[in-house]
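Being a predicted model, the structure only gives us computed values, none of them experimental. All chains are named by letter (A, B, ...) in the order of the sequence lines, taking the proteins before the strands, and each is independently numbered beginning at 1.
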Protein chains: 2
Amino acid sequence: MSRRQDVHTAGIPVLCMACEARHRGVCGALAPEQLVALAKTSSKHHVDSGGELVGDAETVEGYSNILSGVVKLTKSLPDGREQIVGLQFAPDFLGRPFQAESAITAQAATGVVLCSFPKRTIDRLIRESPELEHRLHAQTLRELDEARSWMLTLGRKTALEKVASYLLLIASYIDPEAGAASGATSFDLPMSRLEIADFLGLTIETVSRQLTKLKVEGVIGIAQNRHITVDSIDRLRQRSGG
Amino acid sequence: MSRRQDVHTAGIPVLCMACEARHRGVCGALAPEQLVALAKTSSKHHVDSGGELVGDAETVEGYSNILSGVVKLTKSLPDGREQIVGLQFAPDFLGRPFQAESAITAQAATGVVLCSFPKRTIDRLIRESPELEHRLHAQTLRELDEARSWMLTLGRKTALEKVASYLLLIASYIDPEAGAASGATSFDLPMSRLEIADFLGLTIETVSRQLTKLKVEGVIGIAQNRHITVDSIDRLRQRSGG
DNA sequence: CGTGTGTTTGATCGCTTTCAAGTTCAGTGG
DNA sequence: CCACTGAACTTGAAAGCGATCAAACACACG
């Protein structure tokens, strides 16, 4: 057993040993020696809920892998209206290659653990490793699909359908098997009502009312504001408009 | 003069000689011999306004470059509600690598000219040419930025702001210099009121009312339904909410 | 000169927002 | 352990914006 592990992990940096990103994330694209080089300049750190990750000023930090927690990407209008335009979960790669701007801010929605790299190092690795760019491209395509699905929700669904869709989305992230299933599940919302509203293009009050409505209809249960139980995912899906 | 052209175009297929995609599009990533091979299996054709490009059944066609015209990407709900989730212009690359599904349909919003390739050929070229994948990645990132900007519009802007934003978007595509400027410009809308409504998450009547409102306020002029004149782009921008 | 499609305009309805209290919950100090 | 505090959340009433329903208009085409 330990012999086999030795074979598979020969030369893998300690930092990366237990890291999800090495398998499902972008680091899986790297050869052991590249991983060693990258690990030398990478650092693991924690960001509290609400902490900003890509502050317009502090662009120093470059890229990161999300090891745990939820990161929200937001855009806002000059008068302060805000819209969450993306959610990222472990082991997503965070940061925008090939461009400085984008006018997006990234914030920790929950407590977040990151593994961060200098921009320069990653940019070089991308140039050296087509497989790395391929994985980043694949993630970008996934994000684009998610964004477009969400555009349909934002533009065409009612408030109730939006909230139901949101619950399904979160359920499927937290409990991937349950997401496709039709039975029961339960989970904690990683976001406040205000954040949910900013994600759905609604107000905080409307989100609250629709959650209450789902609760009264017996589709969901709510405990301590954040904990959601779903008896029948199918019934929830029916309210989501498809 | 002809001598110089000979140098630059040596070995370039006739089909590609005048093609925008060879410079700004993905074909620019290919070496002359790759271009020759690709040109052998590629075909140029026209699709009338309204024609479907990625019909779920006819997935045969694979990928295309848009040579002219506007393509709209739409998603819809089971009950028929529709949302346009992307617009593509020449010389964008059309088609979704690495995946069959996506539940998106592509339709010609105007008359469209395409240069189409077999899926197989492109998939192989992507594997052979990191530069090609890089260009596709770059386009995907651009589309993601556009999608996210539009999420802000869909989720947080009023009907008037949405319509003004739409006009600015179209103006900047049709007349790139004017898009950044503050002066006057004019253009023809490439989409019907229904399509504009499906893009903005509104109804046809609301779109019409907001256009009329902008006209009455003197911000725009409308002739023959489709032709828009803008005296001051800055004034239009003020109505767009930022 | 009709016919049909796309657009505008009008009147009304209803959902979501807004404004305004309440209520619950987590954290703190007595 | 319990009362206090502030933040997050819920609930209520009223207003407003965009949707819906309906009709008129404009233009292209036969």
Side-chain angles (χ1 to χ4, degrees), chain A residues 48-50 72 77 79-83 109-111 153-167 188-217 220-228 239-241, chain B residues 48-50 72 77 79-83 107 109-111 153-167 188-217 220-228 239 241:
Chain A
D48 285 329
S49 178
K72 57 174 180 171
L77 294 171
D79 65 6
R81 283 174 282 176
E82 253 189 54
Q83 176 67 45
T110 64
T153 299
L154 285 174
R156 289 306 187 196
K157 289 190 185 175
T158 66
L160 184 64
E161 291 170 335
K162 285 180 177 180
V163 169
S165 300
Y166 171 78
L167 293 176
D188 283 302
L189 295 176
M191 293 155 71
S192 69
R193 298 292 187 272
L194 177 59
E195 289 173 314
I196 297 172
D198 282 343
F199 189 50
L200 297 174
L202 298 172
T203 60
I204 209 176
E205 294 95 331
T206 299
V207 171
S208 177
R209 278 185 245 272
Q210 305 309 324
L211 282 171
T212 301
K213 191 170 179 184
L214 288 171
K215 186 176 72 176
V216 169
E217 287 177 339
I220 63 171
I222 306 177
Q224 290 130 355
N225 290 338
R226 295 286 192 113
H227 188 74
I228 304 291
R239 314 294 156 115
S240 77
Chain B
D48 284 330
S49 178
K72 57 175 179 172
L77 294 172
D79 65 6
R81 282 174 283 177
E82 253 188 54
Q83 177 67 46
Q107 270 188 299
T110 64
T153 299
L154 285 173
R156 290 305 188 196
K157 288 190 185 176
T158 65
L160 184 65
E161 290 170 335
K162 286 179 177 180
V163 170
S165 300
Y166 170 78
L167 293 176
D188 283 301
L189 294 177
M191 293 154 72
S192 68
R193 298 290 187 272
L194 177 58
E195 289 173 313
I196 297 172
D198 282 343
F199 190 51
L200 297 174
L202 298 171
T203 59
I204 205 175
E205 295 95 330
T206 299
V207 170
S208 177
R209 277 185 245 273
Q210 305 308 322
L211 283 171
T212 302
K213 191 171 179 183
L214 287 172
K215 186 176 71 177
V216 169
E217 287 176 339
I220 63 171
I222 306 177
Q224 291 131 350
N225 289 338
R226 295 285 192 113
H227 188 75
I228 304 291
R239 313 294 156 117

Study note, to complete from the structure: Of A/Leu202, A/Leu167, A/Leu189, the one forming a side-chain contact (heavy atoms from CB on, under 4.5 Å) with A/Ile196 is A/Leu189

Check your understanding: Quick one: is A/Arg226 getting a side-chain N or O under 4.0 Å of the D/dC9 phosphate, OP1 or OP2?
Key -> yes

Exercise for review: Please tell me which of A/Gln224 and A/Gly201 maps to the more 5' nucleotide of DNA chain C, matching each residue to the nucleotide holding its nearest heavy atom.
Suggested key: A/Gly201

Point to revise | Side-chain donor/acceptor of B/Glu205 to base of D/dC21, under 3.5 Å | key: yes

Check your understanding: Hey, does B/Ile204 reach any base, or is it just sugar-phosphate, or nothing, if we go heavy atoms under 4.0 Å?
Key -> nothing

Practice item. Write down the distance between CZ (B/Arg156) and P (C/dT18), rounded to a whole number of angstrom. Key: 9 Å

Review point. Hey, does the side chain of A/Lys162 reach the backbone of A/Leu200 with a donor-acceptor pair shorter than 3.5 angstrom?
Key: yes

Point to revise | Interatomic distance, B/Leu194 CG vs C/dT8 P [rounded to whole Å] | key: 13 Å

Check your understanding: Looking only at side-chain N and O atoms, does B/Thr203 come under 4.0 Å of OP1 or OP2 in D/dG18?
Key -> no

Check your understanding: CD1 of A/Ile222 versus P of C/dC25: gap in Å, rounded?
Key -> 11 Å

Check your understanding: Where the side chain of A/Asn225 is defined as all heavy atoms beyond and including C-beta, which of C/dC25, C/dA11, C/dT8 is the nearest nucleotide?
Key -> C/dC25

Exercise for review: Considering just the side-chain nitrogens and oxygens of A/Ser192, establish if one lies under 4.0 Å of OP1 or OP2 belonging to D/dA8.
Suggested key: no

Check your understanding: Can we say A/Glu82 and A/Lys72 salt-bridge, meaning some charged N sits less than 4.0 Å from an Asp/Glu carboxylate O?
Key -> no

Review point. To the nearest angstrom, how far is B/Leu211 atom CG from D/dC25 atom P?
Key: 21 Å

Review point. Which part of the nucleic acid, if any, lies within contact of A/Thr212, taking any heavy atom under 4.0 Å across all strands shown: a base, the sugar-phosphate backbone alone, or nothing?
Key: sugar-phosphate

Practice item. Examine C/dT8: is either OP1 or OP2 under 4.0 Å from a nitrogen or oxygen in the side chain of B/Arg193? Give yes or no. Key: yes

**Study point:** Distance, rounded to the nearest Å, where B/Lys213 contributes NZ and D/dC17 contributes C1'
**Key:** 10 Å

Check your understanding: Given side chains that start at C-beta, do those of A/Ser192 and A/Arg226 come closer than 4.5 Å, heavy atoms only?
Key -> yes

Exercise for review: Look up atom OG1 in B/Thr212 and atom CD1 in B/Ile222, then write down how far apart they are to the nearest 0.5 Å.
Suggested key: 5.5 Å

Exercise for review: Please tell me which of B/Met191 and B/Arg209 maps to the more 5' nucleotide of DNA chain C, matching each residue to the nucleotide holding its nearest heavy atom.
Suggested key: B/Met191

Practice item. Compare side-chain N and O positions of B/Thr206 against OP1 and OP2 of D/dG18 and report whether any pair is under 4.0 Å apart. Key: no

Revision key, fill the gap. Taken to the nearest whole Å, CD/B/Gln210 to P/C/dT7 is 16 Å

Review point. Where the side chain of B/Leu202 is defined as all heavy atoms beyond and including C-beta, which of D/dT10, D/dA19, C/dT9 is the nearest nucleotide?
Key: D/dA19

